[in-house]
Every structure is written in structure tokens, then in C-alpha cells.
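Shown next, in C-alpha cells, is the structure this report addresses.
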Amino acid sequence: MAGGNGAPTNGSATGGTQITFLEAIRQAMFEEMERDPTVLLIGEDVGVYGGAFKTSEGLLERFGWERVIDTPISESAIVGAACGMSYLGLRPICEMQFIDFIVCAFNQITNFVAKGHYLWNAPAPMVIRGPSGGGVHGGPFHSANPEMYFVHTPGLKVIYPSTPYDAKGLLKAAVRDNNPVLFFEHKFLYRRIKGDVPAEDYTVPIGKAVVRREGQHLTILSYAAMMHSSLEAADGLAKEGIEAEVIDLRTLLPLDEQTIVNSVKKTNKCLVVHEDTKTGGIAGEIAAILFEKAFQDLDGPLVRVTALDTPVPYAPTLEEYFLPNARKVFTAAKELARY
Amino acid sequence: MTKAMPRELTRQQYLDLYYYMRLNRTVEETMVKLFRQNKIVGGLYSSLGQEAISVGSCYALDKKDWIAPMIRNIGALLVKGVPPRDIFMQHMAKYDSPTKGRDGTSHFGDLDNLHIVSPISMLGDLIPVMAGVAIGGRYLGQKIVTMTWIGDGGSSTGVFHEGLNFAATQKAPFVLILENNLWAYSTPVRRQVPLENLADRARAYGIDSYIVDGNNVVAVYNTAREAVERARAGEGPILIEAKTFRRLGHAQHDPAEYVPKEMRAYWEARDPIALYEKFLTAEKLLDAAGKKEIDERLDTLLTAEREFAENSPMPPPEFAEGGIYCTGDDCHKIRAKWERAIAEVTPPKSSVKPVWTVPGFGSGKGSGGAGAPIHFGDTPAPAIMEKAGENGRRAKPAKTTGKNATKKAMKAAAGASRKARR
């Protein structure tokens, strides 16, 4: 799989280098902390150890104990404390060691952090980030895609990038945003995906999807690791004369409805691919949006390729069966194209 | 262990404490009237009989310090400088209220000026948040202390533990007031927590604690002031258990028939305002004329505040929409106020060697080398602990009744809080 596929928006990677997805995230934090002394990192094992996946390697060494804070195993305390810090004009980044553990702070996030601005005019500029997703045999508690719990929570922003360029640019945008932003990092991509990033400072706008590949026969919407499977499937479809338009959602909340609707109005068919489970996944929301805003333009059913409605199983054979992949996308897309 | 040191207050301080307790009670009495007139939109919670805690503890803070009140801490809001009209309008869901009708009761804050963080109904959430404010303030070089309150009921939540433990590991300048009013809705404290003194919870976090008679405003103030000074000096978080009683039900709808009659009578005889009036009179700090003056001042103030609140409109329905995100330059105006050199937290000065120092290699005592035995601590035997507990129970409110709350009793109680044995 090629990383940085269809480099978004500006496309200029002058003086850029090929870095991993993980390195992009590390660089984003490093550069933001370098740029702004109000940016801090707080989480479990983020300091001396540099994070369970080494996303914060070198940060403590450079920025010291007050700015890179190792905490007890207390996700609610991490999120609550970061929220308190944000009230003083600080911009904390919280790391969840695995994103699965974010639900331990569910109440703190959904009731306190998310509601603050609407209710009490108390914005909380903070980022909650962590490694998510399956495909690495992490088992049921280290493979989660819990994004939709939070997409259903007004007040939050939810980002789930697929390329090093976007990961770096969106994480920087998240740190500078005045709202609480959840930033999901698909761990399958951490060291497998490389891409160009510019040497100069840049951000990627939150709330904007990007067309990764243009096509006219159907639209494939996806994000994160499944973005790469979707592009792989699109390559296969092209060999059969089916040109899929592939869109990377990048931000799930707020969702870029315009880009989705525009594409479907062009192709008249839509397939949504996500690694999250099917029921209550974002495909359902997108289906509703298309029924509301592009019903007359649809020439076929909205098709979903998603994980099964089960926990993420542990055995490689089970997990492979559970997860969507390029082959499943290819098969579903081909069928939809011929509808 | 020692108790909070008694301290002399100025005449003005004594009278401030009285005024704020009276204001606290009168504001709530006014709201009961509004409730009966169906002008309060949702529930109405009472701090009747607990005013000394909200007022005495918040009065111990400096202007720059931060609070996050709970539902029964209207008094703390008033001491911080929130006008009564805001409290009325919050309860009445008015458009001129701090939340413009989007939230009710004491759920509002003022980050910029008064340094108040809004509570939510999920108990304990404020503890890590206020620990975060404390740590953030220290990072910026501000010498602030943060304070929040929790009930006997709320002290059983998971986030109470997470928050206090984290605050302790960070030595955050944070004071937690545990208002033990003996009831969590309909459940008595003994069915919630198997401890005689909830201050003992502090032992689990290695932090210091005090127990204080929550119906004695001077004792609450003295204890809180000492805790605030110690927290500000860098001694870490401190827990204060204030023993009191919830005189009314969980909220207005609840007649609280589950409370034994004798229990209620016992505590009603210890009304914090009546006790304090006796003290002030005996000390010649307040006479009939002075009291009348305060009565009139409160009446004038609250009549005007209530009128303003009642005349405020309800929010226009469409105000429900929007405002979810903070957008534009005007939305987020809070800028970090640095009171230390930024160079201290930026490279090269911030650079450290990323290694842990583990004293004694984890054996429990100072470094003793490879031959040193593993240390198992010096936890006292149960008999000794029991004795320490007895010594510390001098503040037990049973010894004072409303009748004989003379100057002497009041003064004794003022100092009769104690630090729980570590």
C-alpha cells in the first residue's frame, strides 16, 4: 500500500521527507510544544518511556517534567486535569495509551469537557489522542474503534486520519483549535505507512474531507486504515473498467457533508467502508444524509462494508474474518457498480 | 497530630462571615418562595444548616484562587462575588442568567474574572478538573490554590479516587472540602462508607487531612485557611472533612421522612447561624442594632435582585441552536497569564535527562545498598490507631448544643479541628 496517496489540498511537499505515520504524530507534538509553551502532554508512560508506541519519544528530554507528565493509570483524571489546565489558557494533549481506554474517561469527556462551551461558555481547547484500530492482533481490548460514541456527542471534534501528511497537519490544527478534539491514530498505519511531509509548518483544516482518487462510476467513502484498503480496491476496480471516486473523510465530526453529497451527485452510487462495527457506525449517518440531500441522485442502494457487529476477536483467523479488507471492498463495489 | 491553629480574625472578618451566611440563607429562602410560586424551572437544592461550610471555606481563599462549587455551595458563590440575581436567574432559566438558560441551578462558572468552574451533576468530576487547574496554575507560576467540595455520597465515586490520587502524586495546591452531611439522598453515610471519619480517606493518598465541626463557621474558616496556606506553600493537596447534617431533603420534592426525628432535632439545635449569632453577641461584635442593619441590607438587596431576575425574559427558543463550538477570535479569550519566566519551561532550560530516580531502589527506605532488607513500613498496630482516633475526636459536635454555645465553646470549637493522623 502506498502512503500519502494523492497528497491533499496543497500537494506541495517542497523540502519534504518521507516519514512514517507515527513520526508525523511525534513531529506534530514536538513542533507544537516547540512553538507554544502552553502546549503540554499528559498521559500514562508518555515521559521517560516515550509512550507505549514511542509517539512521544524525546519530548520529556527536551521539554521537561512539567510539560510531559507521566500519570497514574487514571484516564478520568488525565482528561479532567487537562480540562482544568485548558481553563488557564493552556493547551494540553492527553494520550490514551490505547484508545480502548478512552471509555474509562467517558463521563469526563461527554458530560464535562464536551458540554462546557455550550452550557457555561467554558471552551476547553484540548486534544485527546491515542492508538486505535485492529489488524495487529491486539485482541478485544487493544483494537477498538470507539469513534462513534464521541461522534454522537455534540461539542467534540473527531479526527481519524490516514496519511502522515494529514496526521501531522490535523494534529497541529487540533492543538490550535479552541475546542476539545479527539484524535484517533490507527496503529496499523504507525510504522507501515510512509509519506511526504513538508519541512515548513502547516496545518490541515478540521472538517474537510479530501478526494483521494477521482472517478465517475461510484463513490467510496472511508477513513483511517480502511482508506488504504479502499484505494487498493479502487486499483483493482480500475482494471475492470470501473472508476471509483475515493474520498477520505479525515474528520468524522463535524462531517464534511458537502464533499460527500457533491461526489454522490456525480457518481450516483455510494459505498461506505469503515473498520468500526456496522450498527451505529458512520455509514448509517451518511446514508441518512444522502437520503435527505441526494435521494433523487441515487441509482443504487447505499452499501456498507464494515466490521462485524461483535467485539474484536483475538485469533488471527477470526480477526481477519471480522475486519473489512480490500477484497471485500472490491467485491461489494463491483456489485454496486453493476447494480 | 496537631489541630488547626486558632487565629484571631478582625472584626470585619467576623462580620463578613456572618453577613455571607445570612446572605446564603436568605437567597435560598427567597428561592423556596420562588419554587412554591412555580417560578423555579427544575429542582431546588438546599444548603440549610450547611452555610458555615460554604462560607467559611471559600472565605479562606484569596481573590486569585479558583473554586468549583457543588450544588449545596451557593454560599461559596456569594463569597466569591456572584450577585444573587445570577443565582435566581439560573434557577429560573432566564436569558440574562450566566448560562442564558442553557443550564440551571449553580451550574455556571466564570473563568475569566471570578475564577469559578461550573459543576456538573456527576459527582467527583470536579476533583481532577480542579487538580488540573492547580497544576496548570503552578506551571504558569501563579501562586493559586484551587478548592472544590464533595459530599459523603460523592466520595464513593471512582473519579474521587482518581482525582485525589493524581492530585497527591502531583502535590497539587488543592483543597478538597468533604461535606459529610450524613445523607446521600435517602442513604445514611454508614451504608455508603465503612469509616467513622471520612477524613481517613486521605490516608489512602498519603495526604494530610482535618476534621472540623461544619456548623462552626469560625472553625471551618480557620481550618480551611490553614489548609489553603499549606497547599499554597507546596505541601500538596489537603482534605477537610466538615461534619454537618442535611436539614432538608435531597431537593425540594423530597420530604426526607427517612431521617430519624431525633437526629433532625439534634442538628436543628445546632443551627450554624444561630450559634454564630450567640458567639458574636457574647463577643460584642454584634448587637440588636447591627443585626437589624444587616436584616435591612439583605432585604433591600434581595428585593432588587429578585425583581431583576423575575423581569428577565426566558431565552428565545432558537437560542437552543448553535454555540456548540467555540469559533472565531472572540470566543476563546483566555490567554495564559505567565507569572514566571517562559524560558524556564522552554528549551534549553526545560531539557532534562529522561531517567527516573528511585530512592532506595524501591526497598522502601533510603538507599541501603544491595545488602539492605526490604522495608515493610511502620504502619501502627490497630490499637495505636484507635487511640489516635480517640484523641482526634475532640471536635465531635455532640459536646456543644445550641443552648450553651457561649463564647468559650465557640472559641474552643474554632480550634478543635484536627489533622488526621497520617
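Naming: A, B, ... by sequence-line order, numbering from 1 per chain. The figures here come from the full heavy-atom set of this structure, side chains too, leaving out hydrogens, waters and symmetry mates.
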Task: A/C104: disulfide (SG to SG under 2.5 Å) partners, not counting sequence neighbours - done: none
TODO: Please state whether the side chain, the backbone, both or neither of A/L59 comes within less than 4.5 Å of a heavy atom of chain B.
DONE: neither
Task: Distance (rounded to the nearest 0.5 Å) between B/I334 CD1 and A/T38 OG1 - done: 12.0 Å
Task: Main-chain N/O of B/G323 paired with A/H117 side-chain donor or acceptor, under 3.5 Å - done: yes
Task: Residues in residues 118-135 of chain B that sit under 4.5 Å from chain A, counting heavy atoms only - done: B/S118, B/P119, B/I120, B/M122, B/D125, B/L126, B/P128, B/V129, B/G132, B/V133, B/I135
Task: Top contributor to chain A interface from B/C326, B/P354, B/S351, B/A336 [non-hydrogen pairs under 4.5 Å] - done: B/C326
Open item on the list: Is B/A343 close to chain A through its backbone or its side chain, or both, or neither, when contacts mean heavy atoms under 4.5 Å?
Closed with: neither
TODO: Side chain from CB out, backbone as N, CA, C, O: work out which of these in B/E344 comes under 4.5 Å of a heavy atom of chain A, or both, or neither.
DONE: neither
Open item on the list: Within this structure, what is the CG-OG1 distance for the pair A/D36 and B/T346, rounded to the nearest 0.5 Å?
Closed with: 11.0 Å
Task: NZ/B/K64: more than 12 non-hydrogen atoms of other groups inside 6.0 Å - done: yes
Open item on the list: Out of A/P154, A/G89, A/A114, return the one with the most heavy atom pairs under 4.5 angstrom to chain B.
Closed with: A/G89
Task: Heavy atoms from other residues, nucleotides or ligands near CZ of A/F106 exceed 12 (cutoff 6.0 Å) - done: yes
Task: Worked verdict on B/L140 versus A/L88 for side chain to side chain contact (heavy atoms under 4.5 Å, CB included) - done: CA-CA 9 Å; B/L140 292 167; A/L88 293 167; 4.0 Å; yes
Open item on the list: With a strict 4.5 Å heavy-atom criterion, list every residue of residues 89-112 of chain B that contacts chain A, or say none.
Closed with: B/T99, B/R102, B/D103, B/H107, B/F108, B/G109, B/L111
TODO: Against chain B, work out which of A/V68, A/D70, A/I73 has the most heavy-atom pairs shorter than 4.5 Å and name it.
DONE: A/D70
Task: When A/E34, A/R91, A/M85 are compared by non-hydrogen pairs under 4.5 Å with chain B, the top option - done: A/M85
Task: chain B contact via A/N178 - which portion, at a heavy-atom distance below 4.5 Å - done: both
Open item on the list: Can you tell me which of A/D177, A/T71, A/N107, A/I69 forms the most heavy-atom pairs within a distance under 4.5 Å of chain B?
Closed with: A/N107
Task: Residue pair B/W66, A/Y87: steps toward the side chain to side chain contact (heavy atoms under 4.5 Å, CB included) verdict - done: CA-CA 11 Å; B/W66 285 64; A/Y87 288 166; 4.2 Å; yes
Open item on the list: Quick check for you: among A/G58, A/G64, A/A81, which has the greatest number of heavy-atom pairs under 4.5 Å with chain B?
Closed with: A/A81
Task: Proximal component of A/K115, with respect to chain B [non-hydrogen, under 4.5 Å] - done: neither
TODO: Evaluate the criterion side chain to side chain contact (heavy atoms under 4.5 Å, CB included) for residue pair B/V117 and A/F112; output intermediate values, then yes/no.
DONE: CA-CA 11 Å; B/V117 174; A/F112 203 96; 3.9 Å; yes
Open item on the list: With rounding to the nearest 0.5 angstrom, report the CD1 to OH distance, A/I206 to B/Y325.
Closed with: 9.5 Å
Task: Flag if over 12 foreign heavy atoms under 6.0 Å of CZ, A/F101 - done: yes
TODO: Against chain B, work out which of A/A82, A/G47, A/P125 has the most heavy-atom pairs shorter than 4.5 Å and name it.
DONE: A/P125
Task: Considering all heavy atoms, the nearest B/P347-A/F63 contact - done: CG-CE2, 3.9 Å
TODO: Apply side chain to side chain contact (heavy atoms under 4.5 Å, CB included) to the pair B/V352 and A/L60, showing each step before the final yes or no.
DONE: CA-CA 7 Å; B/V352 295; A/L60 172 65; 3.9 Å; yes
Open item on the list: Show the nearest heavy-atom pair for residues B/H332 and A/S86, with the distance to one decimal.
Closed with: NE2-O, 4.5 Å
TODO: For A/R67 and B/V345, indicate whether the former's side chain and the latter's backbone hold a donor-acceptor pair under 3.5 Å.
DONE: yes
- [ ] Under 4.5 Å heavy-atom distance to chain A, tell me which part of B/F319 shows up: side chain, backbone, both or neither.
- [x] backbone
Open item on the list: Take a 6.0 Å sphere around NZ of A/K54 and say whether it holds more than 12 heavy atoms from other residues, nucleotides or ligands.
Closed with: yes
Open item on the list: Counting only non-hydrogen atoms closer than 4.5 Å, does A/L40 touch chain B with its backbone (N, CA, C, O), its side chain (CB onward), both, or neither?
Closed with: side chain
Open item on the list: Atom CD of residue position B/E321 - does it have more than 12 heavy atoms of other residues, nucleotides or ligands inside 6.0 Å?
Closed with: no
Task: Closest approach of B/G136 to A/L90 (non-hydrogen atoms, all atoms of both residues) - done: CA-CD1, 3.6 Å
Task: Counterpart residues, side-chain hydrogen bond (donor to acceptor under 3.5 Å, both in side chains), relative to B/E162 (two or more places apart) - done: none
